[in-house]
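Step one of this worksheet: look at the structure below.
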Amino acid sequence: MNENSEIQDVELAVSRWLRIGVIISAAVIILGLILLFIQGGSGYPGDTYPHDLPDIFRGLIELKPYAVITVGLMLLILTPVLRVAISIWVFVREGDKLYVVITSIVLIILIVSFALGKA
Amino acid sequence: MYSLEILLISILAGIVGSVLGLGGGIIVTPALTLLFGVSIEHAIGASIISVIATSSGSAIAYIRDRITNLRVGMFLEIATTVGAITGAFIGGLIAPNLLYIIFGLLLVYSAVNMIKRKKGGQQEQIAMHPAAAKLRLGGSYYDKAAQEQISYNVGNVYGGFGVMYGAGVVSGLLGIGSGSFKVMAMDVFMKLPLKVSTATSNFMMGVTAAASAGVYLLRGDIDPHIAGPVALGVLAGATIGAQIMQRMKSKTIRMLFIPVLLYVAFQMIYEGVAL
């Protein structure tokens, strides 16, 4: 198999999905800022804002500006994870076992460190 | 309503961050605390969002144009993430001021190394490290400034891996971003071309930051009113920066990078001595 075309496929796939993720998250943040402008308030009392998942999603359904912005930020935070996950998938498809293992290790460590941070 | 001003500063942070392979926190954090009176917790929360936005915004172009070396990034990411977890655990065991000083000196060393490398743009050809060959880390990219395809080998894999691990420990211990260390490990130790080093550093930084950003968000350190405009501004800036960087000479990037490196180095040494 041609090494170069193999790497190029991985790169194009990662870049394409990344762009989609970034555009969606930016669009959601912009929507939240527009809502903030139109409604003239954040949807929450004083300087508070939602930061646990049930509150955020409830606020999203009610289109509260701060909740919408936060969902956009969460989508942005997920883009690097998405990047790693897609790389694994593409390496699997390309039959590159060594890098399937390396990339999977990275994803597992990411999940572990997230779990550790939460505790 | 300071959203617009935050947005403008964030665009600048995104440009600088994507060109130099740093997260942009170096601009966002002081700007928010000093200019806008934002509390340090919210400034750090916004700066971690800035790191991810710089990374993802610039990665679209860098990966597509093959400047990022995905394999080097993934391989070294193991060292950084394991290092970060180690750092979080040994927090009480090691004196952080000693680490500050050691890593500060390491940065001074690499800055001196960079100054000595007078040729700047021209990368000396080095022999491929056996481990690099096994991991197929070598690569090539099209340099838009030099208008030529540049192939490169990768040296001193173990040294680079070790520095990356150390950088991970420091960021886990002290909660600082480590873009300057990542660029140093790849540029000074592994002898990757500077553009490949900064782009790959950018790529990696987003991955490392994602885990802590999730924690920050659930803890309530990410204020949407500040982080929202920061995210949009930095995304825009990073997209612009990724285009500018490809057309810049490596020598110019190096000239911009060295003062930043020295600034971070002296700040670390100062913190180490002051602690």
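In what follows, chains are A, B, ... by sequence order, proteins preceding strands, each numbered from 1.
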Proximal component of [X], with respect to chain A [non-hydrogen, under 4.5 Å]:
X: B/Leu232; answer: side chain
X: B/Thr80; answer: neither
X: B/Leu217; answer: both
X: B/Leu135; answer: both

Given heavy-atom pairs under 4.5 angstrom as the criterion, report whether the side chain, backbone, both or neither of [X] touches chain B.
X: A/Leu110; answer: both
X: A/Tyr66; answer: both
X: A/Ile102; answer: both
X: A/Ile56; answer: side chain

Closest-packed option against chain A by number of heavy-atom pairs under 4.5 Å, given [options]:
options: B/Ala59, B/Pro224, B/Ser55; value: B/Pro224
options: B/Leu235, B/Asp223, B/Ile49; value: B/Asp223
options: B/Ala209, B/Gly57, B/Gly220, B/Ala210; value: B/Gly220

Any donor-acceptor pair under 3.5 Å linking the side-chain atoms of B/Tyr141 with those of B/Asp143?
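On atom types as modelled, these side chains qualify, holding a pair under 3.5 Å.
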Charged tip of B/Arg66 within 45° of B/Tyr142 ring normal and under 6.0 Å:
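No; the conditions do not both hold, so B/Arg66 does not lie above the ring face of B/Tyr142.
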Cation-pi, A/Trp89 ring and A/Arg93 (6.0 angstrom, 45 degrees):
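The answer is yes; both the distance and angle limits are met.
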Report yes if some heavy atom in the side chain of B/Asn69 is under 4.5 Å from a heavy atom in the side chain of B/Tyr152; otherwise report no.
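B/Asn69 reaches B/Tyr152 side chain to side chain.
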If you tally heavy-atom pairs under 4.5 Å against chain B, which of A/Leu76, A/Ile77, A/Thr48 wins?
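Most pairs with chain B among the choices: A/Ile77.
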Measure centre to centre between the rings of B/Phe75 and B/Phe161, then say whether the value is under 6.0 Å.
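Yes; B/Phe161 has its ring centre under 6.0 Å from that of B/Phe75.
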Centroid-centroid distance, A/Tyr44 to A/Tyr49, less than 6.0 Å:
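Ring centres of A/Tyr49 and A/Tyr44 not closer than 6.0 Å.
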Given 3.5 Å as the limit, does a donor-acceptor pair link the side chain of B/Arg136 with the main chain of B/Ala132, or not?
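Judged by distance alone, no pair lies under 3.5 Å.
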Is it true that a side-chain atom of A/Arg83 and a backbone atom of B/Phe203 form a donor plus acceptor pair closer than 3.5 Å?
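Side chain of A/Arg83 to backbone of B/Phe203, a donor-acceptor pair under 3.5 Å: yes, one is there.
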